[in-house]
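Take a look at the structure set out below.
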Amino acid sequence: MKVPFVDLYAQYLSIQSEMDGAIADVIAQTAFIGGERIKKFEEAFAQYLGVKHVVACANGTDSLEMLMQAMGIGAGDEVIVPALSWISTAETVNTVGAKPVFVDIEEEYLTLNPALIEAAITPRTKAIIPVHLYGQAANMPAIMEIAKKHGLKVIEDCAQSHGAMIDGKMTGSFGDAASYSFYPGKNLGAYGDAGGVATNDAALAEEVRMIANHGQKGKHNHVSTGRNSRLDGLQASILSVKLPYLPAWTQARITNAAAYTQLFQGVSGIETPKTRPNSQHVFHLYVIRTAERAALQQRLSAAGVETSIHYPVSMPFMPCYASHGHTTADFPVSAKYQHEILSIPMYPELTQAQMEYVVNATKG
Ligand SMILES: *Cc1c(COP(=O)(O)O)cnc(C)c1O
C-alpha cells in the first residue's frame with residue numbers, strides 16, 4: 001500500500017462539480033482581481049472565526065509582515081517568537097526591520113512556553129507571536145495575561161490552526177490580531193498561495209488593507225508606501241467553496257488522530273501527540289516522537305508511507321540566525337525535539353485501513 005503524506009486530489013474529487021463550477025464562473029466573468037468574491041470570502045471567514053474583520057491577502061507570510069507594519073513595529077524593536085515554527089514566524093520580524101527573540105516550547109504541547117516569556121522581555125519588546133503549531137492551540141490565556149501586564153501586542157500565527165479552539169473560543173480571536181495561511185496543504189487551503197488577517201480592531205484591519213493595496217486610500221491616493229498583496233478572485237472562490245466543509249474536515253482530522261493514537265497504544269518507543277486540556281487540536285499535522293527517527297522514517301519509506309519533519313532545525317539554530325549566537329542549551333526542548341519529531345500522513349480523507357497500515361509499518 002502507498003500512503004502519501006497529503007492527498008489534495010482526494011479532497012478535490014469530493015467537491016469536484018461544485019469546485020469546477022465556481023472556477024469556470026470566475027473565468028467566464030473574468031473576475032480575476034478584486035470584487036465581490038473577495039468580500040464574500042472575507043465575511044464568511046470572519047463569521048466562522050467569530051471576529052469582526054478579515055482582510056484577505058496573497059499569503060500567510062505577508063499577513064504576518066503587514067500586521068507588524070500596521071502596528072508600527074520596526075527597527076529597534078523586538079518580537080518574541082517560539083523557537084520551533086515555520087521560518088515565516090521569525091523571518092517576517094526581520095523583514096519589518098525588528099529582531100526576533102526566541103523562546104523555547106512547552107515539553108508536552110510543543111507551543112510557546114508562557115513560563116519562559118517574561119525572562120525574554122526587554123524595554124524593546126513590542127509583541128509576542130504565539131504559533132498554534134501543528135493545529136494545537138498555544139496557551140493563550142497565559143500569554144494574553146503576560147502581554148497585558150507588559151503592554152505588548154499579540155499576533156496569533158494561525159497558519160496551522162484553522163478551527164482550533166480553547167474553551168470553545170477560536171484561536172485567532174484571542175490576540176490583537178491573527179495571521180492565516182491558505183497554502184494548499186493547510187487545513188483550509190487554496191489552489192495556490194493565499195492568506196489573511198483576522199482582527200476585531202477596525203483601524204488595524206483598515207491599515208492592513210491599505211498596505212496590501214499600495215498604501216492607497218481610494219484610487220490613486222497613495223497616503224503611505226505599501227505593496228501588492230492581493231487575494232485573487234479564483235482563490236477567493238475556491239476558498240468560499242471549501243469553507244462550509246471545514247468543520248466536517250476538521251472533525252475527520254480529529255477522529256483520525258484519535259484512531260492513530262489508539263493504534264499506537266502499546267507500540268514501544270513512540271510518543272503520540274497530546275492535546276491541551278479544554279482545547280480542540282485540529283491536527284494540521286500528526287507528529288509523533290521517537291529516539292530512533294532515522295530508522296523509523298526509513299522503515300516507513302520502504303513500506304510506501306511518506307513522512308516529513310516539521311521542522312528538522314529549530315529557528316535559533318538555523319544559519320540565518322547564527323549571529324544570535326545561540327547554543328542548544330538556550331532552547332533545550334526545541335533542541336531535543338528537532339531530532340525526535342516525525343510527521344506521519346494526516347488528512348480528512350485518510351482511511352482506517354491506511355492508518356492501520358502506517359502503524360503496522362512503524363513496528364517493522
Ligand atoms: C504556512 C505557515 C506560514 C506562512 O504561510 P504562507 O502562506 O506559506 O506564506 C506562517 N507560519 C506558519 C506556522 C506556517 O505553517
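Counting convention: from 1, in listed order, for ligands and their atoms alike. These numbers were taken from a predicted model, which means no experiment stands behind them.
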In this structure, atom 12 (C) of ligand 1 is nearest to the protein heavy atom Ala159 CB, 3.4 Å

re atom 2 (C) of ligand 1, the protein heavy-atom contact at minimum distance is Lys186 NZ, 2.7 Å

* Strictly by modelled atom types, are His150 and Glu118 linked by a side-chain donor-acceptor pair under 3.5 Å? -> yes

| message | Just to check, does Ser85 reach to within less than 4.0 Å of ligand 1 when the distance is taken from its heavy atoms? | response | yes

Under 4.0 Å between heavy atoms, the region of Thr61 that gets near ligand 1 turns out to be both

Quick check on Tyr9: does its OH atom have over 12 non-hydrogen neighbours (other residues, nucleotides or ligands) under 6.0 Å away? no

- prompt: Is Trp86 in polar range of ligand 1, meaning some N or O pair under 3.5 Å apart?
  reply: no

State plainly whether the residues Glu340 and Lys336 are in salt-bridge range, i.e. N to O under 4.0 Å.
-> yes

Numbered in order shown, the ligand 1 atoms found under 4.0 Å of a heavy atom of Asn59 are 7 (O), 9 (O)

**Asked** Between Tyr321 and Phe102, what is the ring plane arrangement, given parallel below 30°, perpendicular above 60°, and tilted in between?
**Response** perpendicular

Review point. Polar-atom distance check: Gly60 versus ligand 1, any N or O pair below 3.5 Å?
Key: yes

Return yes when Val131 approaches ligand 1 closer than 4.0 angstrom through a heavy atom, no otherwise. yes

If the threshold is 4.0 Å, N to carboxylate O, is there a salt bridge linking Glu292 and Arg299? no

Should the ring pair Phe41 and Phe45 be called parallel, tilted or perpendicular, given that the plane angle runs from 0 to 90° and is split at 30 and 60?
-> parallel

Considering both backbone and side-chain atoms of Ser181, is one of its nitrogen or oxygen atoms within less than 3.5 Å of a nitrogen or oxygen in ligand 1? yes

Residue, atom and distance of the protein heavy atom nearest atom 10 (C) of ligand 1 read Ser88 CB, 3.5 Å

**Q.** Stepwise side-chain contact (heavy atoms from CB on, under 4.5 Å) check, Leu296 with Ile270
**A.** CA-CA 10 Å; Leu296 182 63; Ile270 290 177; 4.1 Å; yes

So CG of Leu133 and OG1 of Thr111: to nearest 0.5 Å the spacing works out to 8.0 Å

the protein heavy atom lying closest to atom 15 (O) of ligand 1 turns out to be Gln160 NE2, 2.8 Å

* Is the shortest N/O to N/O distance between Asp157 and ligand 1 below 3.5 Å? -> yes

